[in-house]
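In what follows, a structure is listed as structure tokens, so that the remarks can point back to it.
No hydrogens, no waters, no symmetry mates; every other heavy atom, side chains included, goes into these values. In this chain, numbering begins with 1 at the start of the sequence shown.
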Amino acid sequence: MKNIYKNIIVCFSFMTLLTSCETELDLSNPTALSLEELLQTDDGFIALANGVLDAYQKVPANEFYLTELRSDNSRANSENGNFPLISSYNVDPNNGDVATYYSNNMHTIKHANTIIDNRFLASESQQYAVGEAYFMRALCHFNLVRAYQNVPYIDKVLDVTTEEALDYPQLPEAEVYAKIIADFKTSIAYLDGATQNKYRPSKGAAICLAAKAYLSQPSPNYTEAELLLASVVQNNSDYNYDLLYTDRANAEDFDGDGIVSDSEYYATLAIDFGTVFGNDYTGGYQEGEIVLDADWSNNSGLELNDEIIFSIAYDLVSSDNYATSDSGLDDQVETDSESHSFSMTLQGPSNGVNIATLELLDVMTPVLQPVRFPVTFDAISYNPADITNDTFNAKFPTDGEIGDNDWIVLRYADVLLLYAEAILAGADSTTDIRAIDAFNQVKARAGLEEVANLTKAELLEERRVEFVYENQRLYDLVRFGEADNVLGAFSTANSLNYTSGKKYLPFPQREMDNLPNFYSQNNGY
């Protein structure tokens with residue numbers, strides 16, 4: 001069990017929950033503490049930092065609907081109300097998921113700003129908590145700017161009884177990114193020397209996400225991104241980051257004949273790939289196209305592996321009360337169990353929202369992807385002879401909303417491919433050995449042939465199959481400048497309603513209603 005978090009409730013304008021397994025606070029009546037009293041306790045800032053992580057647990061719960069479901073990877077069937085509207089680019093400013101995703105990120109930002117506003121009171125031993133707050137504030141704004149484009153950047157706890165919000169207008173996208181990068185860089189300084197914990201923000205994670213922000217801004221700064229990523233890739237052992245990969249000499253000889261066949265090697269690599277997500281393979285082995293039958297289950301003991309740089313922990317506890325993206329803050333206090341997203345687990349098919357598109361199944365086949373295919377898909381549901389057959393996600397094999405798959409925010413395969421992207425620097429191709437080596441590490445783990453010349457198209461396609469169902473595809477298309485081309489063609493082929501403006505979500509109507517005539521709606525809505 002992932003008992004990194006233990007319950008603690010603190011009242012300071014709204015509730016926060018969680019404390020680290022390293023430092024438990026035993027408060028008989030924690031809600032009696034004011035913010036001022038909490039900050040005077042030995043572990044006050046740690047408790048507040050845990051509250052930030054707890055608040056963020058709601059963010060991934062509906063992110064899939066607004067990212068992967070709006071890409072060419074996943075579709076919704078026509079019998080489930082709101083989801084086909086999102087999938088067909090008919091999302092509305094009044095959509096509940098659109099509003100909830102915005103507010104959950106903003107709630108986390110408010111938690112982070114509580115720490116940052118009081119950072120000068122933090123003792124030396126709790127400075128890392130301040131760094132975590134800067135990191136999480138940057139991460140949430142990074143989520144928001146990629147989803148909604150021109151958003152306010154909230155850098156303090158706002159007084160809801162005043163008109164302070166009027167001082168925080170929507171900013172041009174480039175200005176939001178500048179502030180995100182500044183916050184990540186500030187967190188690097190605070191987190192330098194802090195104990196590394198993959199369930200908490202770290203210096204390495206901050207470096208890599210700052211680089212990703214450099215690549216994502218309207219005018220990418222490839223030079224700065226490359227420098228940051230090189231500092232991690234070229235020193236990955238110092239950070240304990242690496243791909244999960246078994247070379248052929250150490251692969252499993254499943255049938256015991258003394259020879260590792262291609263099929264056996266692919267099976268070994270598939271088990272490695274499944275372990276990245278904390279999944280155990282317990283099925284049998286068969287020589288053939290689909291070398292594993294996708295019989296996976298979550299094993300929390302596998303989740304803190306070397307490929308994970310930063311993840312959000314979820315724990316499996318038997319309970320009728322669990323948190324979802326629209327759970328109220330009071331609900332969170334009573335929560336025993338949470339999952340990052342109902343739609344992405346084994347129960348997702350009941351909502352019909354993690355179905356692979358036919359376009360994805362053209363590139364994700366057992367032959368083309370012998371390693372990633374059996375981990376990514378429920379192989380039993382795969383039937384290429386029936387084009388109307390639904391093939392479902394299998395990367396997160398937990399049971400509905402009460403599950404314990406962690407949500408991976410950043411893993412080392414992403415860093416390697418971002419490094420190659422930074423070196424490519426927007427060009428059509430490169431033979432730079434650094435980019436080629438980083439790219440080929442990911443290809444080798446997938447059991448595929450290495451390349452000597454890396455093209456932009458190959459890099460984008462590699463990201464698609466490596467990170468499918470990890471909510472990256474839409475943002476990759478935008479960052480590579482290919483969203484209109486790819487999604488436009490996808491929309492035409494499937495009679496959908498994509499237009500250029502719809503690469504971003506509508507600004508939530510309730511935010512506009514709260515401050516009439518202050519915010520502007522995005523194009524296309």
Set out, in order, the CA-CA distance, both residues' side-chain angles and the distance that settles side-chain hydrogen bond (donor to acceptor under 3.5 Å, both in side chains) for Thr357 and Asp72, then state yes or no. CA-CA 7 Å; Thr357 63; Asp72 55 344; over 6 Å; no
Value for CZ (Phe64) from CG (Leu66), rounded to nearest 0.5 Å, stands at 10.5 Å
Taking atom types as modelled, is there a side-chain donor on Tyr419 or Gln234 under 3.5 Å from an acceptor on the other? yes
Under 3.5 Å, is there a donor on one side chain and an acceptor on the other for Tyr56 and Asn143? yes
State whether Asp484 and Lys502 are salt-bridged, where the test is any N-O pair (Lys NZ or Arg NE/NH1/NH2 against Asp/Glu carboxylate O) under 4.0 Å. no
From Asn405 CG over to Ile312 CD1, what is the distance, rounded to the nearest 0.5 angstrom? 14.0 Å
Under 4.0 Å between a side-chain nitrogen and a carboxylate oxygen: does that hold for Asp476 and Arg473? no
Do Asn150 and Tyr504 have side-chain atoms, one donor and one acceptor, less than 3.5 Å apart? no
If you compare all heavy atoms of Met364 against all heavy atoms of Val468, which two are closest, and at what distance to 0.1 Å? CE-CG1, 4.4 Å
Going by salt bridge (Lys or Arg N to Asp or Glu O under 4.0 Å), name the pairs with one or both residues in residues 407-419, residues two or more places apart or in two chains. Lys212-Asp414, Glu307-Arg411, Arg411-Glu466, Arg411-Glu470, Asp414-Arg463
For Ala205 and Tyr241 the tightest heavy-atom approach is N-OH, 3.8 Å
Determine, stepwise, if the pair Phe377 / Leu360 fulfils side-chain contact (heavy atoms from CB on, under 4.5 Å). CA-CA 11 Å; Phe377 294 129; Leu360 176 60; 3.8 Å; yes
To the nearest 0.5 angstrom, please state how far the CG atom of Asp97 sits from the CD1 atom of Ile86. 5.0 Å
Looking at every non-hydrogen atom in both residues, tell me the closest pair between Asn298 and Asn279 and how far apart they are. CA-OD1, 3.8 Å
Any idea which heavy atoms bring Arg479 and Leu215 closest together, and the distance? CG-O, 3.2 Å
Between Asn389 and Asn383, is there a side-chain donor-acceptor contact under 3.5 Å, judged purely by atom types and distance? no
Is the number of heavy atoms from other residues, nucleotides or ligands under 6.0 Å of Asn523 CG greater than 12? no
Give the C-alpha distance, both sets of side-chain angles, the deciding distance and a yes or no for ring-ring contact (aromatic ring centres under 6.0 Å, His included) between Tyr412 and Tyr239. CA-CA 11 Å; Tyr412 190 59; Tyr239 291 94; 9.6 Å; no
Which heavy atom of Pro374 sits nearest a heavy atom of Ala270, and at what distance? CG-CB, 4.1 Å
Would you sort out whether Asp253 and Asp255 count as a side-chain contact (heavy atoms from CB on, under 4.5 Å), showing the intermediate values? CA-CA 6 Å; Asp253 178 12; Asp255 58 17; 2.9 Å; yes
For residues 448-457, the salt bridge (Lys or Arg N to Asp or Glu O under 4.0 Å) pairs (sequence neighbours left out) are none
Please identify each residue that fulfils ring-ring contact (aromatic ring centres under 6.0 Å, His included) with Phe254, with sequence neighbours left out. Tyr285
Could you give the distance from OH (Tyr153) to CG (Leu144), rounded to the nearest 0.5 Å? 10.0 Å
Does the ring centre of Phe135 sit less than 6.0 Å away from the ring centre of Phe310? yes
With Leu228 as reference, evaluate Ile207, Val233, Ile181 under the side-chain contact (heavy atoms from CB on, under 4.5 Å) test and give the passing residue. Ile207
Step through the shown structure and confirm whether more than 12 heavy atoms of other residues, nucleotides or ligands are within 6.0 Å of CG on Asp428. no
Stepwise side-chain contact (heavy atoms from CB on, under 4.5 Å) test for Arg146 and Leu505: CA-CA 9 Å; Arg146 289 184 295 172; Leu505 293 169; over 6 Å; no
Distance col, row Thr455:OG1 vs Leu424:CG, nearest 0.5 angstrom, shows 8.0 Å
Counting neighbours of NZ on Lys179 that are heavy atoms of other residues, nucleotides or ligands and sit closer than 6.0 Å, is the number greater than 12? no
Stepwise side-chain contact (heavy atoms from CB on, under 4.5 Å) check, Asn73 with Tyr469: CA-CA 8 Å; Asn73 279 349; Tyr469 297 121; 5.7 Å; no
Just checking, is any N or O donor in the side chain of Asn393 or Glu68 under 3.5 Å from an acceptor N or O on the other one? no
Which pair of heavy atoms, one from Pro60 and one from Gln57, lies closest together, and at what distance? CD-O, 3.4 Å
Here's a test for you: under side-chain hydrogen bond (donor to acceptor under 3.5 Å, both in side chains), which of Asn94, Asn90, Asn95 qualifies with Asp92? Asn94
